Number of protein chains: 2
Amino acid sequence: MTVTIYDVAREAKVSMATVSRVLNGNPNVKPETRKKVKEVIKRLNYRPNAIARGLASKKTTTVGVIIPDISNLYYSSLARGLDDIAEMYNYQTIITNTDNNPEKERDSFLNLVSKQVDGIVFLGGTINDETIEDIKSSNIPVVICGTSEKDANLPSVNIDYFKAIKEVASHLFDQGAKDVYFVKALYSEQLERHIEDGLKEAYSDYSLPFKEEYTEEVATHYHAGREVFDKLMDSQNVDVFITMSDEAAVGMLHGALDRGISFPNRLQLVSCSNTRLVHMMRPPVTSIAIPLYDIGAVGMRLLTKYMKDEPVDEPNVILPYTIEYRSSTK
Amino acid sequence: MTVTIYDVAREAKVSMATVSRVLNGNPNVKPETRKKVKEVIKRLNYRPNAIARGLASKKTTTVGVIIPDISNLYYSSLARGLDDIAEMYNYQTIITNTDNNPEKERDSFLNLVSKQVDGIVFLGGTINDETIEDIKSSNIPVVICGTSEKDANLPSVNIDYFKAIKEVASHLFDQGAKDVYFVKALYSEQLERHIEDGLKEAYSDYSLPFKEEYTEEVATHYHAGREVFDKLMDSQNVDVFITMSDEAAVGMLHGALDRGISFPNRLQLVSCSNTRLVHMMRPPVTSIAIPLYDIGAVGMRLLTKYMKDEPVDEPNVILPYTIEYRSSTK
DNA sequence: TTGAAAGCGCTAACAC
DNA sequence: GTGTTAGCGCTTTCAA
């Protein structure tokens, strides 16, 4: 059978409490006792049962991650940053995909809670109100990364999308652009709303007319990007496409290629995602360089503070971004 | 405090055993008792503690996933298939990244075992011998997806890379190619060795001279692909690049673009990964269409059989592949 | 059909 | 410094 703390105690001729102390690095153990116990642990190849430990201590060294789709580069980049820091603090992560489906999201959350995870991170995606209720009533540490929610009273890590998009738009307007389209990807409703708002304000600042159509399209993937491109190029006058999804940006690039449309003179393109795809486009695409990995990493670090009851000076972290101007814009 | 099975039992005026029976769908409960208990469960908003359950039943409805890098599209595609099926069977997944580091791999494995996961899946990547020892001695169900190990006595899901590469190479040789390079990505040593072997055999079948250089380069990402491209194009005579990594393929494509090299007349390109990137390249790239999602999904399904002690007729599943010829090859 | 009770393997007082 | 013991919240015999 599996070896338990009892077996170790017996072999080492001490009580299980002493073994437990050794296991948990409790200093109240005589060095030689410690040595003996460690020896037996090694000899018996004993590994503590984390489940029993969890039940007794109410700590599982496991955190839950709720994410729309791990196979999307945008989210998996966030996830990787998170996971690395989790590992550094000896946590493992249970990742659940929601596809932005509110029911799945809620299920995942409740499942994670019942698995007694020490904390939960929401990565990207939209968090619906019911889940927020669950969070509040669950009393479990939660951090939100790369997205936000209305009431903004949950700890979070983000960049200032509003400011970022205003900065980009201003640059574009300065160079003479008039019709700037933002194509959403439904990565996070709140976050994309910030972008829309930023764009609107930029229009207003420049006293340029804003049309609702500027922010109505959605393209989550390559083909959708291509379709939106064809549709708008056929029916509207477009100076610039700002895309949330990098994949959609590639689709647009290919659409332009096929029509012989040249960047940046006839058309300009800006990406907001900053996945590795950004470096794989031709022409090189101007983008808001969101520190995806860092958002995840900082989020996890923040969560560890809550899980360990360490003081937190700023629950809503805003990370810096940069804007990388490349040849897809003037 | 949190509500437990005791609270429900008390409120429903039954014993905790009965509540447990209701919880676990045990038929030996009078319908009205069941109804009453369910009512109380709902009223108290009771959710069983999965940790306590795990300790008592030795089942955690959690599976471990050991993967090189979740932010790599190749692996995350596998992971997504796996996760969807896991969810279907009510399992959640603990994902750990190893970066192909044997120590991390071993740590992850032992951690998962101590967390009493019901099963473990290795996705992509190389599995080192020590871990294999651990697997054997742990007695925990393990399935290997998208990679293999020497002794091949662990359940696995794969495609026949050996055959696939032979098929592609034969086509290329038929069209007159002589110098076919395979550029590895270290996704899985074993798997890439199968590819090398297949390529060698194709050379042999066609009585063409095989050079060691044909399989010596490695490119895991875009820039590496670009570098390998430049290096080989400068020093060797290359007819075809077969790349393991799609990102590397994009790098090569751009390298060719910059040098004004045209496909497929001067150079040909084949990808082996079949991530979404394949559909985002210009020119469209010929590729071995591995069913990544399905490999993960089938692997998880296989694992559920082992976890539920269902009969397994074929522990080593070989999934079909197709070869999609596109304009990057003749 | 139900209840009582013995664990599951560990942690954490508390006592010595 | 070390041992004893009472849980953690559930599942699962075993009896009734």
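What you are looking at is a predicted structure, and each value in this text was computed from that prediction instead of being measured.
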J.: Taking only residues two or more places apart in sequence, or in another chain, which ones meet B/P141 in a side chain to side chain contact (heavy atoms under 4.5 Å, CB included)?
T.: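 Side chain to side chain contact (heavy atoms under 4.5 Å, CB included) list for B/P141, sorted by chain: B/L303, B/Y306, B/M307.
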J.: Kindly write out the residues that satisfy side chain to side chain contact (heavy atoms under 4.5 Å, CB included) with B/D7, not counting sequence neighbours, or none if the list is empty.
T.: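 Residues passing side chain to side chain contact (heavy atoms under 4.5 Å, CB included) with B/D7: B/V3, B/T4, B/R10, B/L44.
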J.: So, applying side chain to side chain contact (heavy atoms under 4.5 Å, CB included) with B/F122, which one of B/T131, B/I67, B/T98 is it?
T.: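 Of the listed options, the one satisfying the test is B/T131.
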J.: Sequence neighbours excluded, which residues qualify as salt bridge (Lys or Arg N to Asp or Glu O under 4.0 Å) partners of B/E192?
T.: none
J.: List in chain and number order the residues that pass side chain to side chain contact (heavy atoms under 4.5 Å, CB included) with A/A12, two or more places apart in sequence or in another chain; answer none if no residue qualifies.
T.: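 Side chain to side chain contact (heavy atoms under 4.5 Å, CB included) list for A/A12, sorted by chain: A/V14, A/V37, A/V40.
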J.: Between atom CG in A/N28 and atom C1' in C/dT11, what is the gap in whole Å?
T.: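 Rounded to whole Å, this separation is 15 Å.
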J.: What are the atom names and distances for every N/O pair under 3.5 Å that joins the protein to nucleotides 14-16 of chain C?
T.:
none

J.: Please list, pair by pair, any protein nitrogen or oxygen found under 3.5 Å from a nitrogen or oxygen in nucleotides 7-10 of chain D.
T.:
unit_1: D/dC8; atom_1: O3'; unit_2: A/K58; atom_2: NZ; d: 3.1
unit_1: D/dC8; atom_1: O2; unit_2: A/L55; atom_2: O; d: 3.4
unit_1: D/dC8; atom_1: O2; unit_2: A/A56; atom_2: N; d: 3.2
unit_1: D/dG9; atom_1: OP1; unit_2: A/K58; atom_2: NZ; d: 3.3
unit_1: D/dG9; atom_1: N2; unit_2: B/A52; atom_2: O; d: 3.3
unit_1: D/dC10; atom_1: OP1; unit_2: B/Y46; atom_2: OH; d: 2.5
unit_1: D/dC10; atom_1: OP1; unit_2: B/N49; atom_2: N; d: 2.9
unit_1: D/dC10; atom_1: OP2; unit_2: B/I5; atom_2: N; d: 2.4

J.: So, using side chain to side chain contact (heavy atoms under 4.5 Å, CB included) as the criterion, who are the partners of A/A17 when residues are at least two apart?
T.: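 Counting only residues at least two positions away or on another chain, A/A17 forms a side chain to side chain contact (heavy atoms under 4.5 Å, CB included) with A/S15, A/R21.
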J.: According to the side chain to side chain donor-acceptor pair (under 3.5 Å) rule, which pairs have a member within residues 75-87 of chain A, sequence neighbours left out?
T.: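 Matches after skipping sequence neighbours: A/R80-A/D84, A/R80-B/D69, A/R80-B/D99, A/D83-A/T93, A/D83-B/N97, A/D84-A/Y293, A/E87-B/K104.
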J.: What pairs with A/D134 under salt bridge (Lys or Arg N to Asp or Glu O under 4.0 Å), at least two apart in sequence or on another chain?
T.: A/R106
J.: Please identify each residue that fulfils salt bridge (Lys or Arg N to Asp or Glu O under 4.0 Å) with B/E310, with sequence neighbours left out.
T.: B/R301
J.: Taking only the side-chain nitrogens and oxygens of B/T18, find out if one of them lies under 4.0 Å from OP1 or OP2 of C/dT2.
T.: no
J.: Scan for salt bridge (charged side-chain N to carboxylate O under 4.0 Å, His left out) pairs involving residues 40-49 of chain A, sequence neighbours excluded, and state none if there are none.
T.: A/E11-A/R43
J.: Hey, what bend do you get for the helix from C/dT1-D/dA16 to C/dC16-D/dG1 if you fit axes on five pairs at each end, rounded to 10°?
T.: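 Comparing the first five pairs with the last five, the axes sit 30° apart.
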